[in-house]
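Right, one structure below, let's go through it.
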There are 2 protein chains.
Amino acid sequence: MVNKKCIIRLLRYKNALHRLNSLGFVKVFSDNLADAVGVTASQVRKDFSLFGICGNKRGGYQIEALLGKLNHILGKNEQQKVVIVGGGNIGAALMKYKGFEKEGVKIAACFDIDPAKYNHKEGDIPVLPLEQLRDFVRQNHIKIGVIAVPDIAAQQVLDLMLAAGIKGVLNFAPIRLRAASDCVINNVNLVLELETVIYFIINGLEKSIAEIHEEQKS
Amino acid sequence: MVNKKCIIRLLRYKNALHRLNSLGFVKVFSDNLADAVGVTASQVRKDFSLFGICGNKRGGYQIEALLGKLNHILGKNEQQKVVIVGGGNIGAALMKYKGFEKEGVKIAACFDIDPAKYNHKEGDIPVLPLEQLRDFVRQNHIKIGVIAVPDIAAQQVLDLMLAAGIKGVLNFAPIRLRAASDCVINNVNLVLELETVIYFIINGLEKSIAEIHEEQKS
DNA sequence: TTTTTATAGTGAAAAAAATCACAAAATGGC
DNA sequence: GCCATTTTGTGATTTTTTTCACTATAAAAA
Ligand SMILES: NC(=O)c1ccc[n+]([C@@H]2O[C@H](COP(=O)([O-])OP(=O)(O)OC[C@H]3O[C@@H](n4cnc5c(N)ncnc54)[C@H](O)[C@@H]3O)[C@@H](O)[C@H]2O)c1
Ligand SMILES: NC(=O)c1ccc[n+]([C@@H]2O[C@H](COP(=O)([O-])OP(=O)(O)OC[C@H]3O[C@@H](n4cnc5c(N)ncnc54)[C@H](O)[C@@H]3O)[C@@H](O)[C@H]2O)c1
């Protein structure tokens with residue numbers, strides 16, 4: 001009932017509300033949010049209904065109250081700590097990106113097997129030996145990890161992460177990971193994302209499709 | 001009818017077939033492919049049926065013939081050229097990654113406004129001034145672009161791309177792009193991808209969910 | 001105060017996607 | 001060559017997701 005697409009929509013509503021809030025708006029209607037996020041007003045109301053979120057008939061939603069509820073549902077009230085394993089191209093890009101911290105996601109540390117990648121510079125995100133992953137994750141009660149190692153190492157890194165207590169993983173390696181214990185794995189395969197665009201273009205489907213986030217017509 | 005999810009599955013079948021082929025296998029059954037990709041055998045057959053792909057009753061599919069058909073549908077017979085705009089963290093990571101070329105996707109050039117990013121070194125992917133985007137895209141008949149510039153510049157870069165003749169875009173900037181002309185936009189929002197994992201973990205949904213590729217139950 | 005109007009909330013309907021289930025066909029064994 | 005078995009291809013069914021449509025209600029207007 002609550003699937004990834006739905007959560008992504010909630011996150012988008014939250015972002016749109018945040019913008020509206022900082023522009024000084026106090027209330028919002030389902031169709032304003034719908035416009036901002038690119039869905040229908042029904043979809044917005046249905047999503048809220050699913051999470052027991054109520055507004056005021058004819059009065060819309062109070063932005064602050066709504067933000068509060070969404071932030072609670074989405075775990076945005078406390079900062080979430082994550083670790084990255086693999087400080088190469090992707091791992092380094094993620095570490096340099098400020099957008100995670102802005103959204104309350106703290107990259108607590110990165111782990112690598114290559115000593116050349118280690119980094120203890122004050123102010124930077126620490127890059128530590130992989131051997132320290134387990135203790136670090138346990139001591140900092142970290143539940144989320146990012147896999148940014150070469151494909152052949154990804155399964156082994158997942159196993160280490162799960163053994164250390166990590167429950168959710170964002171995986172950039174283009175392989176199918178096998179998980180023994182209960183966990184959530186979200187795969188991001190950038191090659192497939194690009195190949196999908198290529199498919200739609202070489203098949204001349206750009207005329208019927210404007211945006212393919214999940215699937216949307218123009 | 002044919003949506004992004006379906007194309008991603010086709011691409012996965014293709015990759016699985018490629019592996020099987022190089023292991024020396026000659027034929028494959030729908031349930032082998034299903035296992036390899038993590039879907040049901042019905043789904044595999046339905047997808048093929050949608051594209052008019054036939055196998056042999058009781059004989060499965062000839063891997064080579066099947067690969068040929070999928071490659072044709074997916075445009076894998078000719079190399080596809082793409083350009084990147086924005087040679088920063090993400091752009092540079094993509095340029096260094098060998099996985100695109102392996103899949104027949106050639107990053108022909110990158111464009112930036114920062115002269116410090118320019119690169120004409122032989123063997124590297126050229127990083128050129130943004131002003132050259134239009135001519136380069138036209139001369140090389142490029143139809144696909146990647147947006148890896150800061151959020152504020154993304155819309156303006158999209159407009160430039162479309163004006164130059166680009167039809168399909170992979171966009172890493174976490175904003176909603178507006179496109180006048182017919183084009184395909186595939187948004188990759190890494191922050192949302194990570195936040196989705198966080199949602200499922202803090203709500204203790206890892207017990208019921210193993211993998212959140214597209215859809216998940218609570 | 002009463003009326004008008006706009007919008008939330010939600011069950012019903014529709015659309016889309018996935019799965020089922022089974023006839024048809026091909027293979028291999030005997 | 002015939003039979004038993006396996007697997008495809010696809011219409012039917014089910015499940016999931018989205019949209020519709022209408023009621024209740026709160027705000028504004030009269
Ligand atoms: N770079 C990209 O643009 C890109 C695009 C798509 C997919 N990917 C995928 O992302 C992953 C990372 O790619 P990348 O380009 O950053 O690779 P990379 O080679 O630049 O970096 C990998 C890092 O992981 C480290 N590493 C290797 N084995 C390890 C292990 N067992 N434990 C800990 N660290 C280990 C290496 O030392 C290196 O620092 C790969 O699976 C790749 O397929 C990358
Ligand atoms: N780095 C990440 O891990 C990450 C994660 C999620 C999203 N993103 C998004 O990806 C995009 C790029 O991120 P980044 O970290 O690579 O940024 P970055 O600042 O490292 O790189 C941006 C590059 O774009 C160039 N640029 C700026 N304006 C330009 C213009 N008008 N035309 C051409 N080039 C221009 C800059 O010179 C720079 O080289 C951003 O929108 C960001 O929000 C990045």
Side-chain angles (χ1 to χ4, degrees), chain A residues 1-10 12-13 17 20 25-63 65-66 69-70 196 205 208-218, chain B residues 1-10 12-13 17 20 25-63 65-66 69-70 196 205 208-218:
Chain A
M1 190 96 215
V2 187
N3 59 23
K4 178 177 163 178
K5 260 159 91 173
C6 179
I7 299 308
I8 293 224
R9 285 196 304 266
L10 289 194
R12 293 207 157 113
Y13 302 149
L17 287 166
L20 291 171
F25 289 94
V26 171
K27 66 180 190 179
V28 71
F29 301 116
S30 57
D31 71 326
N32 304 142
L33 269 178
D35 278 357
V37 166
V39 298
T40 65
S42 291
Q43 180 82 84
V44 174
R45 296 201 299 274
K46 196 59 137 190
D47 285 337
F48 288 174
S49 160
L50 212 66
F51 285 90
I53 292 174
C54 292
N56 316 90
K57 299 214 166 168
R58 162 105 208 216
Y61 303 84
Q62 293 300 116
I63 290 180
L66 183 51
K69 284 173 195 158
L70 288 177
T196 306
L205 272 50
S208 49
I209 299 160
E211 202 171 323
I212 45 170
H213 197 78
E214 288 304 315
E215 58 267 274
Q216 252 150 7
K217 293 237 304 211
S218 71
Chain B
M1 179 116 132
V2 188
N3 59 24
K4 178 178 164 179
K5 262 159 89 173
C6 179
I7 299 308
I8 293 223
R9 284 196 303 268
L10 289 194
R12 293 209 156 108
Y13 301 148
L17 286 166
L20 291 170
F25 289 94
V26 170
K27 67 178 188 180
V28 70
F29 302 118
S30 56
D31 70 327
N32 305 142
L33 269 177
D35 278 356
V37 166
V39 299
T40 65
S42 292
Q43 179 82 81
V44 173
R45 296 201 300 274
K46 197 51 137 196
D47 286 337
F48 287 174
S49 161
L50 211 68
F51 286 90
I53 292 174
C54 293
N56 317 89
K57 300 216 167 173
R58 159 108 207 213
Y61 303 83
Q62 293 301 115
I63 289 180
L66 184 50
K69 284 174 195 158
L70 288 176
T196 306
L205 272 50
S208 49
I209 301 157
E211 203 170 323
I212 44 173
H213 202 80
E214 285 305 313
E215 70 283 350
Q216 230 49 70
K217 295 229 301 211
S218 77

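Below, chain A is the first sequence line, B the second, and so on; all start at residue 1.
- Neither OP1 nor OP2 of D:dG9 sits under 4.0 Å from any side-chain N or O of B:S49.
- The separation between A:Q62 atom CD and C:dA8 atom C1' is 13 Å, rounded to whole Å.
- Between the CG atom of B:N32 and the C1' atom of D:dT6 there is a distance of 13 Å, given to the nearest Å.
- Expressed to the nearest 0.5 Å, how far CZ of A:F48 lies from CG of A:L70 amounts to 5.5 Å.
- Between C:dT7, D:dT8, D:dT19, one nucleotide has an atom nearer to the side chain of B:F29 than all others, and that is D:dT8.
- The interatomic distance linking A:Q43 (CD) with D:dA21 (P) rounds to 17 Å, in whole Å.
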Which atom pairs, donor and acceptor, lie under 3.5 Å between side-chain atoms of residues 50-60 of chain B and protein residues at least two apart or in another chain?
none

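- Atom CG of B:L66 is separated from atom P of D:dT7 by 16 Å (rounded to the nearest Å).
- In this structure, the CD1 atom of A:I53 is 13 Å from the P atom of C:dA8, given to the nearest Å.
- Among B:K5, B:R12, B:R9, the single residue meeting the salt bridge (charged side-chain N to carboxylate O under 4.0 Å, His left out) criterion with B:D47 is B:R9.
- Checking C:dA8, C:dT19, D:dT19 against every side-chain atom of B:K46, the shortest atom distance belongs to C:dT19.
- With A:S30 as the fixed residue, the side chain to side chain donor-acceptor pair (under 3.5 Å) test singles out one of A:Q43, A:K46, A:R45: A:R45.
- At a cut-off of 3.5 angstrom, the base of D:dT25 holds no donor-acceptor pair with the side chain of A:K57.
- If you measure from atom CZ of A:F48 to atom P of C:dG9, you get 9 Å, rounded to the nearest angstrom.
- In this model, no side-chain donor or acceptor of B:R58 finds a partner on the base of D:dT7 within 3.5 Å.
- Comparing A:Y61 and B:K27 along DNA chain C, the residue whose closest nucleotide (by nearest heavy atom) sits nearer the 5' end is A:Y61.
- If you measure from atom CG of A:L50 to atom C1' of C:dG11, you get 14 Å, rounded to the nearest angstrom.
- Of the candidate nucleotides D:dT8, C:dA18, C:dG9, C:dA18 has the atom lying nearest to any side-chain atom of B:R9.
- The two residues B:Y13 and B:L33 come nearest to each other via the heavy atoms O-CD2, 4.0 Å.
- Closest to the side chain of A:R45, out of C:dA18, C:dG9, D:dT18, is C:dG9.
- Here D:dT18 presents its C1' atom at 14 Å from CG of B:N3, a figure rounded to the nearest Å.
- Among the nucleotides D:dT8, C:dT19, D:dA21, the one closest to the side chain of A:S42 is D:dA21.
- Here B:T40 lies in heavy-atom contact (under 4.0 Å) with sugar-phosphate atoms only.
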